[in-house]
Amino acid sequence: RFLQSRLESKPGGADAATHISISDESTEAAYKELYEEKMNPFAAFHKRERLQRYSELTPPEKLMLSFSSFFLSNRHARIFLFGYMVCLHLLVSGSMYSVTHRTRC
């Protein structure tokens, strides 16, 4: 803000002030968010609790958690999983239909 006021007071510095203020605002917003996140005791408590609960999981549970978080966070993985499930259902249904409608006695 100090630099903004100094650049605006100089002649011909308005363009530079606009350019600097835009980059300063985005940088300031990013660091403000990081600072507030770091200073928030609830976020720190939540993070500690989450790490503690994760460390208490068994290896199969950790594996399932990582797979589920991957599939829930990735759009293409969800589409692939949906298609895979549909194909499996069609395969099982077709096999069951084929087995039940055979004409051999």
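On a predicted model such as this, the values are computed, not experimentally measured, just so you know.
A side-chain donor-acceptor contact under 3.5 Å links Ser95 to the backbone of Leu91. Judged by distance alone, with hydrogens and angles left aside, the side-chain atoms of Ser93 form no donor-acceptor pair with the main-chain N or O of Leu90 at under 3.5 Å. At distances below 3.5 Å, at least one donor-acceptor pair connects side-chain atoms of His89 with backbone N or O atoms of Met85.
Put simply, OG on Ser69 and CE on Met64 are 10.5 Å apart, with the number rounded to the nearest 0.5 Å. Atoms OH and CZ, on Tyr97 and Arg102 in that order, are 13.0 Å from each other to the nearest 0.5 Å. Rounded to the nearest 0.5 angstrom, Glu56 CD and Lys62 NZ are separated by 10.0 Å. Between the CZ atom in Phe67 and the CG atom in Leu81 there is a gap of 11.0 Å [rounded to 0.5 Å]. Put simply, CZ on Arg48 and NE2 on His46 are 12.0 Å apart, with the number rounded to the nearest 0.5 Å.
Linking Ile, Leu, Val, Met, Phe, Trp and Tyr whenever their side-chain heavy atoms come within less than 4.5 Å puts Phe70 and Leu63 in one cluster. Under the 4.5 Å side-chain heavy-atom criterion for Ile, Leu, Val, Met, Phe, Trp and Tyr, Leu57 and Leu72 are members of distinct hydrophobic clusters.
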